[in-house]
Amino acid sequence: MLAAIGFIITGGLVTAFAETFERIVARPHKLNLWQFSAAYYALGLALMVWGIASLTNTSQILQFSVYVGDALLLAGSVLLLSLVTPSKYYQKVLLIEVFVALVLLATRATYYQPEPAMKDGILLFNTQWPVAAVLGAAFTLIWLPVNVRVAQIVTAATKLKGVGQLYVSLYVGAVLAALFFLSSKRFAAVVLSFMTIGVVFALLVASNFVTAAASAPAKKKAARHGK
């Protein structure tokens with residue numbers, strides 16, 4: 001029950017971050033960053049899937065939920081890569097990315113089948129090190145750099161110098177916590193890293209509102225001068 005509540009709440013926070021970023025940060029500043037928001041919708045959905053599976057505490061459902069979560073994480077990675085892919089090569093690169101993602105999922109299902117287990121109300125993924133390495137590479141080589149790039153774009157659009165540093169700091173914290181969470185096999189480490197993820201995304205949601213509020217006066221002022 002504890003795992004289900006934690007996953008669903010955290011999934012809700014991640015979804016709220018994606019929704020508020022798109023609605024009150026990206027759109028008002030005419031930033032075409034839908035892939036970024038979609039990637040976090042995928043992450044939020046993965047967390048909720050794990051939460052629902054935890055309620056059943058059934059090995060087959062837990063195992064299937066891990067497959068679904070991995071697929072959603074890879075889908076998010078593809079979306080983020082597409083955000084920084086030059087339009088000239090977009091279709092070709094996208095096909096390659098989708099192919100690689102499918103190969104990884106097939107390898108996971110064939111050679112590294114998930115072995116999740118519930119312990120004291122907490123879901124332990126017991127992720128094998130090759131799988132953890134791939135997920136770690138995705139977070140550090142794709143999610144983090146693209147997040148930093150998005151923070152730079154938002155900073156340039158809002159003219160708020162501190163915004164980029166704030167987002168980058170929180171993104172780094174989220175990635176590090178996710179890496180520990182997905183690879184941890186000890187109860188205390190799982191709980192601590194998962195709580196960190198929840199706190200970071202709550203702060204990211206708050207940061208979206210702060211960014212929107214701080215950049216709104218500047219936009220109104222510019223509009224008055226335009227008249």
- line: Smallest heavy-atom separation, Gly51 atom then Ile8 atom, equals CA-CG1, 4.3 Å
- prompt: Hey, does Leu80 have a side-chain heavy atom less than 4.5 Å from the side chain of Phe36?
  reply: yes
- prompt: Between Phe21 and Tyr40, is the gap from one ring center to the other below 6.0 Å?
  reply: no
task: Give a yes or no on whether Phe64 atom CZ has more than 12 heavy-atom contacts from other residues, nucleotides or ligands under 6.0 Å away.
output: no
message: To the closest 0.5 Å, what do you measure between CD (Glu115) and CG (Leu62)?
response: 12.5 Å
- prompt: Within the distance-only criterion (no hydrogens, no angle test), does the side chain of Glu19 pair as donor or acceptor with the backbone N or O of Ser37 below 3.5 angstrom?
  reply: no
statement: Between Val200 and Leu170, the two heavy atoms sitting closest are CG1-O, 3.2 Å
task: Could you state whether Leu179 and Leu104 fall into the same hydrophobic cluster, counting links through intermediate Ile, Leu, Val, Met, Phe, Trp or Tyr residues with side-chain heavy atoms under 4.5 angstrom apart?
output: no
message: Between Thr20 and Val25, is there a side-chain heavy-atom distance shorter than 4.5 Å?
response: no
task: Would you give the length of the straight line joining atom CG of Leu33 to atom CD of Glu22, rounded to the nearest 0.5 angstrom?
output: 7.5 Å
task: Check whether Val68 and Val134 end up in the same hydrophobic cluster, where Ile, Leu, Val, Met, Phe, Trp and Tyr are linked by side-chain heavy atoms less than 4.5 Å apart.
output: no
- prompt: Near Gln152 CD, under 6.0 Å, is it more than 12 heavy atoms from other residues, nucleotides or ligands?
  reply: yes
statement: ring-ring contact (aromatic ring centres under 6.0 Å, His included) filter on Tyr171, not counting sequence neighbours, yields Tyr167
message: Under 4.5 Å between side-chain heavy atoms, counting indirect links through other Ile/Leu/Val/Met/Phe/Trp/Tyr residues: same cluster for Leu135 and Phe7 or not?
response: yes
- prompt: Do you know the tightest heavy-atom contact between Gln35 and Ser82?
  reply: CG-OG, 3.5 Å
field: Trp50 to Ser65 - nearest heavy-atom pair and separation
entry: NE1-O, 3.0 Å
statement: Between Thr155 and Val163 the two heavy atoms that sit nearest each other are OG1-C, 4.0 Å
message: Are the side chains of Asn147 and Val168 in contact, using a 4.5 Å heavy-atom criterion?
response: no
query: Under a 4.5 Å cut-off applied to non-hydrogen side-chain atoms, are Pro116 and Asn126 in contact?
result: no
- prompt: Does Ser193 use its side chain to pair, donor to acceptor, with the backbone of Val190 at less than 3.5 Å?
  reply: yes
- request: Is it possible for you to say whether Val210 and Leu203 belong to one hydrophobic cluster, with membership spreading through side-chain heavy-atom contacts below 4.5 Å?
  value: no
message: As an exercise, state the distance from CD1 of Ile122 to CZ of Phe194, rounded to the nearest 0.5 Å.
response: 8.0 Å
- prompt: Any sub-3.5 Å donor-acceptor pair from Asn208's side-chain atoms to Phe17's backbone N or O?
  reply: yes
query: Among the clusters formed by ILVMFWY side chains lying less than 4.5 Å apart, do Phe180 and Trp143 turn up in the same one?
result: no
For Ala212 against Ile24, the heavy-atom pair lying closest together: CB-O, 3.4 Å
query: Looking at NZ of Lys159 and OG of Ser215, how far apart are the two atoms once the value is rounded to the nearest 0.5 Å?
result: 10.5 Å
message: If I take atom CE from residue Met48 and atom OG1 from residue Thr10, how far apart are they, to the nearest 0.5 angstrom?
response: 9.5 Å
task: Any chance you could measure Thr85, atom OG1, to Glu97, atom CD, to the nearest 0.5 Å?
output: 5.0 Å
